[in-house]
Amino acid sequence: MKQELDKAYNPSLSEDKIYQIWEQSGYFNPDNLDLPKNAKSYTIVLPPPNITDKLHMGHAATVAIEDLLIRYHRLRGDRTLWLPGTDHAAIATQNVVEKKLLRGQGKSRQDLGRAKFLEEVWVFLKETQSTILMQVRKLGASLDWSRLSFTLDEERQLAVRTMFSEMYKEGVIYRGERIVNWCPRCHSTLADDEVEYKEQSAKLYAFKYDKNFPITISTTRPETKLGDVAVAINPKNERYQKYLGQEFTVDFCGQALKIKIIADRNVDSNFGTGALGVTPAHSLVDWQMAQANNLPVIKVINEDGKIKNGFGKYSGQTALVARLEIVKELEAKGLLEKEEEITNNLSVCYRCGTPIEPLPSRQWFISVDQKLKKLGNKSLKEKAIAVAESGEIEFIPERFNKRYLDWMNNLHDWCISRQIWFGHQIPVWYKGEETFVGLEAPQGDAWVQDPDTLDTWFSSGMWTFSTLGWPLNFKDGKKINDLAKFHPTQVLETGYELITLWISRMIMMSFFALGEIPFEKVYLHGMILDKQGKKMSKSKGNGVDPLDMIDKFGTDATRLSLLMGTTPGNDSRFSEDKVEAKRNFINKLWNISRFILTTTDEKYFATPNNKEPKAKTLADKWILGEMNNLILRTTENLNNFDFSLAADDLSDFTWDKLADWYLEIAKIEKNKEEILIYLLKNLLILWHPFIPFVTENIWQSFNDQLLLIAQWPSAKKKLIAEEAKDLKLIQEIIVAVRNARQENKIEPAQKLEAVIYGQEATKLLNDQKEMILGLRTGLATLAVKEKGEKIDKAIMVAVGGVEIYLQGTIDEAKEKARLLKEQVNLEKLINLQTQKLNNSEFVEKAPPAIVAAEKEKLVNYQTELSKIIKIIKSL
RNA sequence: GGGCUCGUAGCUCAGUUGGUUAGAGCGCCACGUUGACAUCGUGGAGGUCACAGGUUCGAAUCCUGUCGGGCCCACCA
């Protein structure tokens with residue numbers, strides 16, 4: 001079935017076709033893999049992309065890394081499942097559709113009403129969802145599409161409702177009043193981490209409530225002072241000590257207020273006047289102070305960001321207008337003492353940028369501190385902390401373990417209700433005073449469902465097990481079917497910005513539902529920045545569309561550029577030049593394969609990849625040794641998540657060792673077909689997780705089976721250093737001689753081995769009168785015109801491993817000089833080494849392994865030196 | 001204020017628990033290239049590994065401090 005490779009590799013012609021072959025093979029689904037019963041499972045769930053976004057570089061990185069892991073484990077014979085899905089992204093999606101509606105029809109969501117609006121959302125969603133899934137395919141993702149999930153499909157709705165009612169039953173979910181972050185534009189609460197901070201300059205006003213009040217307070221928000229119930233001072237503040245505990249009735253801009261003087265250590269005596277007006281309804285800190293001191297809560301601002309009724313002329317004004325009006329009134333009454341410019345952080349909604357109003361509101365919460373019997377009387381928070389501390393869940397890179405723990409240790413109850421329409425509607429129904437929590441509405445008409453929806457992270461927090469069939473696959477506390485086979489998953493791979501939003505929630509949710517961790521390892525990749533190191537964003541227009549890169553350079557090159565030169569958890573810059581360089585490499589691999597396959601008879605194609613062929617020459621021994629070590633290192637690197645290192649190493653072998661040296665040798669030494677095919681097959685397997693398309697393409701041209709399910713090669717133990725070193729020297733000589741032979745000025749290659757052992761070295765070299773080496777590929781001319789530094793340099797280069805220098809009439813003196821130089825170098829090294837080993841401190845204090853290694857080095861130098869001396873003597 | 005991270009060639013970055021002479025890609029310069037490959041080959045220039053101390057027989061690597069980027073958390077009344 002030999003099928004010749006095209007002269008030039010064109011990814012755009014073949015990638016889609018190959019993806020189709022894979023998909024049709026069914027091997028993306030682990031159920032179709034031919035595996036022994038006891039094969040290990042290896043599962044990753046794809047972080048579900050939001051259906052609002054088209055793919056960006058972050059997704060491409062995610063796919064590159066996860067597909068790499070998945071393909072590697074599939075090749076290793078694991079029961080490998082990569083589970084796809086999409087996220088409904090409640091608020092984000094609603095915002096996008098709202099904007100579209102407003103732009104298109106000039107209508108708001110309220111104009112349409114809930115049902116109509118949701119219809120619009122679903123139309124939008126169907127369209128973008130299929131686009132996104134197509135794009136994920138384009139990236140070559142070997143996802144099991146038969147298990148495709150959506151955070152809002154029927155199965156996930158069942159999972160979410162079950163989760164909610166079980167949590168409610170056990171008292172983990174409760175309804176309560178608390179200060180929430182309220183976005184007056186989105187008309188919804190926001191979680192703490194959905195709030196962003198924007199630095200701004202603000203005015204800090206200092207004033208008294210009325211002229212009888214003894215303390216001047218300072219604030220940037222005078223309008224909220226209409227709801228003040230106390231003034232807080234630092235307990236150490238001597239100036240106001242005498243007022244502590246006193247109560248005053250004041251007339252603040254026409255509003256009668258009861259103000260108690262309280263102490264709180266959070267108050268900074270040096271900020272403003274050192275006295276803080278306590279507004280429980282509109283500040284979290286103040287709320288806590290009010291609770292601690294049993295003070296009432298007076299709401300001033302409503303859900304629209306306007307002053308509530310009951311505050312005289314201010315009622316109905318927006319907060320900002322009211323603020324200016326109050327300042328004007330204070331000024332008129334002579335109460336305003338000071339006005340200064342300060343910079344502070346304004347909290348704004350992460351979706352729309354509108355300033356947040358902290359408001360007391362009745363919401364649904366998940367208690368993170370509620371002790372649970374089924375968790376050994378531990379809370380979700382305690383469990384989630386314990387698994388990170390014990391290492392049961394491992395973060396890669398490790399430092400994110402600390403960031404996770406810092407977050408978890410300060411975790412408060414999680415507000416899960418959102419006042420938006422799109423999402424999982426809260427499965428709670430009310431009838432008068434009655435409340436029903438369950439999967440479906442109870443019988444009867446009078447029941448009304450809670451209008452709120454759940455925080456989008458509630459459903460994505462369940463992602464590892466809701467996708468595997470929970471709760472149906474969880475019977476009597478036992479996992480069955482997919483849930484038993486694939487949970488806990490092995491790796492959760494995502495961007496580090498999701499540690500708080502997503503990862504912490506997944507861990508808690510999994511503990512509640514299953515009493516176990518959701519994943520064993522968390523691999524966190526950095527952000528993909530633009531060429532200047534700036535965050536890619538739609539508004540800045542500096543984003544790079546991965547699909548553009550794919551069109552231009554192919555998926556493999558795009559993926560490889562995201563995997564190389566990057567380290568976990570560190571941001572990396574993306575540049576087109578890098579993708580181009582990888583494209584060039586892929587072309588090189590293509591040409592290497594083309595050369596091997598076109599010069600090899602078809603009957604050798606069946607050479608197995610897992611049985612090392614016999615080495616006939618030293619060059620063979622060398623390259624097979626290199627391949628053996630490459631297999632060992634690649635396996636180790638991938639097990640350690642060192643993708644960049646693995647790819648560097650593979651490139652070095654492919655380009656420098658195989659293409660530049662061994663293939664050149666193979667042009668002279670014959671009968672290398674088995675070795676070449678063996679090398680090619682293993683090289684393609686090792687590369688496949690990184691660059692799946694081109695490797696499969698080449699593989700298909702000379703194999704009947706798919707590379708997708710080939711067998712990862714095994715290796716013998718590492719060759720000892722000395723052997724490898726010898727082989728490297730040999731390799732140099734082989735090539736030098738081979739080149740000389742091409743000039744028809746040297747004996748045939750059969751004599752190579754003799755050369756290597758130095759027996760006929762002199763004779764061969766002496767024959768090379770007037771010879772210049774390195775006129776062709778693989779070697780270069782090294783022109784040395786004079787003695788001195790330049791010669792030394794040239795000699796160094798020669799010794800350094802690339803070529804042997806010979807010029808004009810063979811100059812024995814020069815050759816001798818080269819050898820002498822090497823001798824001197826070696827002697828110097830041996831001296832240093834001997835000194836080192838004679839140093840008793842070193843021998844005693846350095847680890848034995850290092851001492852042994854150093855001794856080995858000394859031996860190596862000595863053997864090398866004796867070889868050199870032998871050659872010099874024979875000259 | 002607390003924490004994390006980075007500073008290595010002109011640029012982008014590697015550097016595998018401290019170990020001979022610190023690497024790659026791109027860029028630059030020179031030379032070469034008619035059958036695997038110009039998407040190429042060979043060579044070259046280019047580094048006080050931010051700085052200062054310390055630990056060690058030995059430091060780009062570990063510790064302390066300084067300077068300079070980036071990020072996270074808290075506070076900002």
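Order of the sequence lines sets the chain letters (A, B, ...), proteins ahead of strands, with each chain counted from 1. Given the structure is predicted, the values throughout are model-derived calculations rather than measurements.
- Put simply, CH2 on A/W407 is 16 Å from C1' on B/G2, counting in whole angstrom units.
- Counting atom types as modelled, A/K402 pairs no side-chain N or O with a base atom of B/C4 as donor and acceptor under 3.5 Å.
- Rounded to whole Å, atom C1' of B/G25 lies 15 Å from atom NZ of A/K588.
- Residue A/D406 is the one, among A/T567 and A/D406, whose nearest nucleotide of RNA chain B lies closer to the 5' end (criterion: closest heavy atom).
- For the pair A/L529 CG and B/C6 P, the interatomic distance rounds to 15 Å; values are reported in whole Å.
- Of the residues near RNA chain B, A/K535 and A/F400, the one whose nearest nucleotide (by heavy atom distance) lies more toward the 5' end is A/F400.
- Going from atom CZ of A/F585 over to atom C1' of B/A36 covers 14 Å, rounded to whole Å.
- Remark: P of B/C11 and CG of A/D530 are 17 Å apart, rounded to the nearest angstrom.
- For the C1' atoms, the distance from B/C4 to B/U56 is 28 Å, rounded to whole Å.
- Across the P atoms, B/A74 and B/A59 are found 42 Å apart, a figure rounded to whole Å.
- Nearest heavy atoms, A/G227 versus A/P280: O-CD, 3.7 Å.
- B/G70 atom P lies 13 Å from atom OH of A/Y496, rounded to whole Å.
- For B/U8 and B/A52, the P atoms lie 15 Å apart once the distance is rounded to whole Å.
- Closest to the side chain of A/D577, from the set B/C37, B/U5, B/C26, is B/C26.
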